[in-house]
Amino acid sequence: MASSSLDRFRITGGCRLEGEVTVTGAKNSVLKLMAASLLAVGTTTIHNVPDIADVDIMADLLTRLGCTVKHEGSVVTIEVPAAPLHRADYDLVRKMRASINVLGPLVARVGKAEVALPGGDAIGSRGLDFHIKGLESLGATAHVEHGYVIAEAPNGLTGTAIELDFPSVGATENLMTAAVLAQGVTTIDNAAREPDLVDLGEFLIGMGAQIDGLGSPLITITGVKELKPTDHTTITDRIIAGTWAFAAAMTQGDITIHGGRADHMEVMLEKLTHAGAIVTSTQDGIRVQMNQRPRAIDVATLPYPGFATDLLPFIIGMNAVADGHSIVTENVFESRFMFVNELMRLGAQITVDGHHASIDGIPQLSGAPVEATDIRAGAGLVLAALVSDGETTVDGAFHIDRGYPNFAEQLVSLGAKVSRE
Ligand code: UD1
């Protein structure tokens, strides 16, 4: 996808969104599947891949590790050599946090990995201590030097019992993708339960891995000697589906979301129902209607199955125009609230105290120039612009391109006045 760092969205507010959208594959799944393809020599094929910038970045990273990657339509094929290289350079890793997911597969397959400490979104510090400690307990040596995590296990890894202090998605993924080739049994206690992680586990099972307990807090992995390439279809993106659900609720609209999985969004849909939305299941997704000004609702973000941190900008945006007062608490990333300063430029009445935002809903926001600081903040500002009086420009469109294929086009098809410049 071509996008320039100077691109911005221009939005004229005051539209009710109505129509249908189709949700494609989940970014947070497909990037991890691509990284895990390193575990098997040969050609792995992934279907339902979204056309987003982060897929191109992961393809570049894998190419530098010696793979041949083809991305045609919604299909990615990755040809993995017998001896991949082991260094993931800073210039690519800094663009995308998910690059860290090559760490586990490289240590397991090549016996060595040097991966730059990631940058990624400006949503807060995102430690790697669980990844490093977990690899060490699997028998690797690991340390940080000159901005790189260097992990080595020349004689292979050995299964062990790991307990995470927090159900980190990234750490569970890296440790699971390392343990699949370890000798013996590994357990990961307090593991993440996100649908994207379950998708990765099923992808690994397709490669021949032995994994039990996916979707529960205790994952058990029995190591195997070798994995084989696989053919896998990615699950649909629950965060994009959630974005459209909030778009319907905020604009008092009516959107049918093809591919939206209600079973992956239970807490969020319950919250939207409390806000006054009518949520119904359709043959291949969900429909969200809102026939009144939303009611303000209190929300705290939590690891899955809790309310996703990625949806924070949308709940705050909706509450900013809702009827009543609300408190939104962020429990995963301390700097997500950077987005609030931009939303306040649109007139939102919000005070932040630590990890709580206190929001007084007003009937309408007021258009102004604002800037996206990360993927979800960017999309959240575009939705807020739809319920603002007059014109809003959202700078930093490239952030949105990292996660949302054809966002502006889809909004226009729903009746929004949005252009890209
Ligand atoms: C997180 C989200 C995930 C979301 C993704 C993209 C959670 C639990 N995770 O995953 O749902 O899709 O962002 O926005 O909501 N941490 C450490 N040490 C570590 C690893 C993590 O302290 O070694 C901390 C982080 O700083 C953070 C928390 O644990 O506060 C969650 O991190 P983690 O789940 O690993 O983040 P992501 O994998 O990026």
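In listed order, ligands and their atoms are each counted from 1.
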Short N/O distance, under 3.5 Å, between Val169 and ligand 1?
yes

From the options Asp374, Val328, Ile316, Thr301, select the one residue that forms a side-chain contact (heavy atoms from CB on, under 4.5 Å) with Arg336.
Asp374

Can you list the atoms of ligand 1 that are under 4.0 Å from a heavy atom of Gly170?
35 (O), 38 (O)

Aromatic contact, Trp244 with Phe314 (centres under 6.0 Å)
no

So do Val23 and His258 actually touch side chain to side chain, heavy atoms under 4.5 Å?
no

Within less than 4.0 angstrom of ligand 1, does Glu330 place any heavy atom?
no

Show which atoms of ligand 1 fall inside a sub-4.0 Å distance from at least one heavy-atom site of Val332.
7 (C), 15 (O), 27 (C), 30 (O), 31 (C)

Could you tell me whether Arg238 and ligand 1 have an N or O pair separated by under 3.5 Å?
no

In ligand 1, the atoms that come under 4.0 Å of a heavy atom of Asp129 are 17 (C), 18 (N), 19 (C), 22 (O), 23 (O)

Is there a polar contact, in the sense of an N or O pair closer than 3.5 Å, between Thr309 and ligand 1?
no

Looking at Asn101, Asn174, Thr172, which one forms a side-chain hydrogen bond (donor to acceptor under 3.5 Å, both in side chains) with His131?
Asn174

Determine whether the side chains of Thr373 and Glu342 contain a donor N or O and an acceptor N or O closer than 3.5 Å.
no

Just heavy atoms, cut-off under 4.0 Å: does Arg336 contact ligand 1 by side chain, backbone, both, or neither?
side chain

Short version for Asp310: what comes under 4.0 Å of ligand 1, heavy atoms counted, is side chain

I'd like to check Ser358 versus His325 (side-chain heavy atoms, cut-off strictly below 4.5 Å). Are they in contact?
yes

Proximity to ligand 1 by part of Asn28, non-hydrogen separation under 4.0 Å
side chain

Nearest heavy atom to atom 1 (C) of ligand 1: which of Phe333, Phe130, Phe307 does it belong to?
Phe333

For ligand 1, which is the ligand I care about here, please tell me if Pro303 has any N or O atom under 3.5 Å from one of the ligand's N or O atoms.
no

Which of these, Val382, Thr393, Asp395, Thr392, sits in a side-chain contact (heavy atoms from CB on, under 4.5 Å) with Val370?
Thr392

Side chain, backbone, both or neither: which part of Glu194 has a heavy atom under 4.0 Å from ligand 1?
side chain

Is the backbone of Ile297 close enough, under 3.5 Å, to the side chain of Asn319 for a donor and an acceptor to pair up by distance?
yes

Measure from NZ or CZ of Arg420 to the centre of the six-membered ring of Phe407 and say whether it is under 6.0 Å with the direction within 45° of the ring axis.
no

